[in-house]
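Bear in mind the structure is a predicted one, so any value in this text is a computation, not a measurement. Index from 1, following the sequence.
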Amino acid sequence: LFYLGRFEESQKMYQELLELPHKSSLFKAYTLQALGMTHVKLDEHHEAISCYEKAVDLFFEYYGTENQEFLLFYYELGHSLTQVKAYQKAIPYFEKVIALQKDPTKVFIAMNNMGEAYFSSEQFEPAKSTFERSLSWLTETGATEEIFPEGFEYCRQQIARCEGKLKDS
């Protein structure tokens, strides 16, 4: 149903699944993740945040420590928190994604999302530092401007935007 764009029906189904008697915290966590995703699709970010936070708690209950399985929850929490303008709460989740993620493209995206969260919360120095880190990270991972000109240009534009805000303040 979710992949057919029938999000309200998907929500109902996931809520019914959560009400079933089962013992697996992992099952509940993944069901909450799916429910959270339907909330995001319906622009219900506060509800999505609640689902993701409960899922993270269940993941800790199941795994005991953070691991790769937490990545999607952390990314989605960061995203939904920025959508409700809770930038300061979003930043630690992007930091967790950066620390746990192995995929260079996803690390780059998380770094820039974190920079945007700093910028949107008018913390221009940390935003600038984050975009500079992102630009350096591109080079460190072997990316070149010929291969990924958009990434380099984006970072430079964001650094300049931060510098402009810092100069104005």
Side-chain angles (χ1 to χ4, degrees), residues 1-122 127 130-131 134 137-138 141 143 147-151 153-155 157-158:
L1 294 173
F2 180 86
Y3 293 105
L4 297 173
R6 295 163 56 186
F7 305 120
E8 291 91 354
E9 292 173 68
S10 296
Q11 279 183 341
K12 184 178 178 191
M13 180 187 68
Y14 295 135
Q15 288 166 339
E16 288 172 4
L17 285 172
L18 287 169
E19 293 170 11
L20 292 174
H22 43 74
K23 297 177 183 165
S24 170
S25 56
L26 196 58
F27 175 82
K28 288 180 186 177
Y30 281 119
T31 304
L32 283 163
Q33 174 191 20
L35 181 58
M37 291 169 64
T38 65
H39 285 299
V40 168
K41 291 292 188 181
L42 294 169
D43 202 28
E44 301 168 349
H45 292 282
H46 289 286
E47 292 85 353
I49 292 164
S50 176
C51 289
Y52 296 141
E53 287 174 338
K54 289 174 188 172
V56 166
D57 289 343
L58 290 167
F59 257 47
F60 272 113
E61 180 182 307
Y62 184 83
Y63 288 109
T65 60
E66 290 178 324
N67 61 46
Q68 295 288 307
E69 298 297 322
F70 284 72
L71 280 169
L72 183 60
F73 295 108
Y74 289 159
Y75 178 79
E76 292 296 337
L77 268 164
H79 170 74
S80 287
L81 286 163
T82 60
Q83 295 302 301
V84 299
K85 300 185 183 343
Y87 305 113
Q88 286 307 111
K89 290 182 179 180
I91 290 167
Y93 289 108
F94 292 129
E95 288 172 341
K96 288 174 184 270
V97 171
I98 293 164
L100 292 169
Q101 183 58 259
K102 305 265 189 258
D103 181 325
T105 302
K106 292 178 181 176
V107 172
F108 179 73
I109 291 167
M111 280 185 191
N112 290 312
N113 286 341
M114 187 167 69
E116 291 290 346
Y118 277 124
F119 189 89
S120 294
S121 63
E122 298 184 358
T130 302
F131 290 122
S134 184
W137 188 86
L138 277 177
T141 59
I147 295 170
F148 191 42
E150 303 88 5
E153 181 60 24
Y154 173 81
C155 291
Q157 286 175 350
Q158 298 315 313

Tyr62, OH: over 12 other non-hydrogen atoms inside 6.0 angstrom =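 Counting neighbours around OH of Tyr62, 12 or fewer heavy atoms of other residues, nucleotides or ligands fall under 6.0 Å, so no.
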
Taking side chain as C-beta onward, heavy atoms only, is [X] less than 4.5 Å from [Y]?
X     : Y     : result
Ile91 : Glu95 : yes
Val84 : His46 : yes
Phe70 : Lys96 : no
Leu71 : Gln68 : yes
Leu26 : Phe59 : yes

Quick one: pull up [atom1] in [X] and [atom2] in [Y] and give me the separation to the nearest 0.5 Å.
X      : Y      : atom1 : atom2 : value
Phe7   : Leu35  : CZ    : CG    : 13.0 Å
Gln33  : Glu76  : CD    : CD    : 7.5 Å
Thr31  : Leu58  : OG1   : CG    : 10.0 Å
Gln157 : Glu150 : CD    : CD    : 11.0 Å
Tyr154 : Leu138 : OH    : CG    : 11.5 Å
Lys12  : Thr38  : NZ    : OG1   : 14.0 Å

query = Does any N or O in the side chain of Ser80 come within less than 3.5 Å of the main-chain N or O of Leu77, such that one atom is a donor and the other an acceptor?
reply =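 A pair under 3.5 Å: no.
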
ask   = Just by distance, do the side chain of Ser121 and the backbone of Ala117 share a donor-acceptor pair under 3.5 Å?
value =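 The answer is yes, because a donor-acceptor pair under 3.5 Å joins these two groups.
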
inquiry  = Pair Gln15, Glu19 - check side-chain hydrogen bond (donor to acceptor under 3.5 Å, both in side chains), show working.
reply    = CA-CA 6 Å; Gln15 288 166 339; Glu19 293 170 11; over 6 Å; no

request  = On the 0 to 90° scale, with breaks at 30° and 60°, tag the Phe73-Tyr52 ring pair as parallel, tilted or perpendicular.
outcome  =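 Rings of Phe73 and Tyr52: perpendicular, as their planes differ by over 60°.
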
query = Taking atom types as modelled, is there a side-chain donor on Tyr75 or Gln101 under 3.5 Å from an acceptor on the other?
reply =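 Gln101 and Tyr75 do not have a side-chain donor-acceptor pair below 3.5 Å.
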
task = Would you tell me whether Glu47 and Gln11 have side-chain atoms, one donor and one acceptor, within less than 3.5 Å of each other?
result =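 Side chains of Glu47 and Gln11: no pair found under 3.5 Å.
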
Over all heavy atoms of both residues, which pair between [X] and [Y] is shortest? Give the atoms and the distance, please.
X      : Y      : value
Tyr14  : Ala34  : CZ-CB, 3.4 Å
Leu17  : Phe27  : O-CE2, 4.1 Å
Glu61  : Ser25  : OE2-CB, 3.4 Å
Thr130 : Gly115 : CG2-N, 3.6 Å
Cys51  : His39  : SG-CD2, 3.8 Å
Phe94  : Thr82  : CE1-CG2, 3.8 Å

ask   = Is the distance between the ring centroids of Phe119 and Phe131 less than 6.0 Å?
value =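 Centroid distance Phe119-Phe131: not below 6.0 Å, so no.
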
task = Given side chain to side chain contact (heavy atoms under 4.5 Å, CB included), test Gln158 with Glu116 step by step and report yes or no.
result = CA-CA 9 Å; Gln158 298 315 313; Glu116 291 290 346; 3.4 Å; yes

query = Hey, mind stepping through Asn112 and Cys155 against side chain to side chain contact (heavy atoms under 4.5 Å, CB included) and telling me if it holds?
reply = CA-CA 8 Å; Asn112 290 312; Cys155 291; 4.0 Å; yes

task = Quick one: do His79 and His45 satisfy ring pair (Phe, Tyr, Trp, His ring centres under 6.0 Å)? Show the steps, please.
result = CA-CA 9 Å; His79 170 74; His45 292 282; 5.7 Å; yes

request  = Go through the steps to decide whether Glu8 and Leu42 satisfy the test side chain to side chain contact (heavy atoms under 4.5 Å, CB included), and finish with yes or no.
outcome  = CA-CA 8 Å; Glu8 291 91 354; Leu42 294 169; 3.5 Å; yes

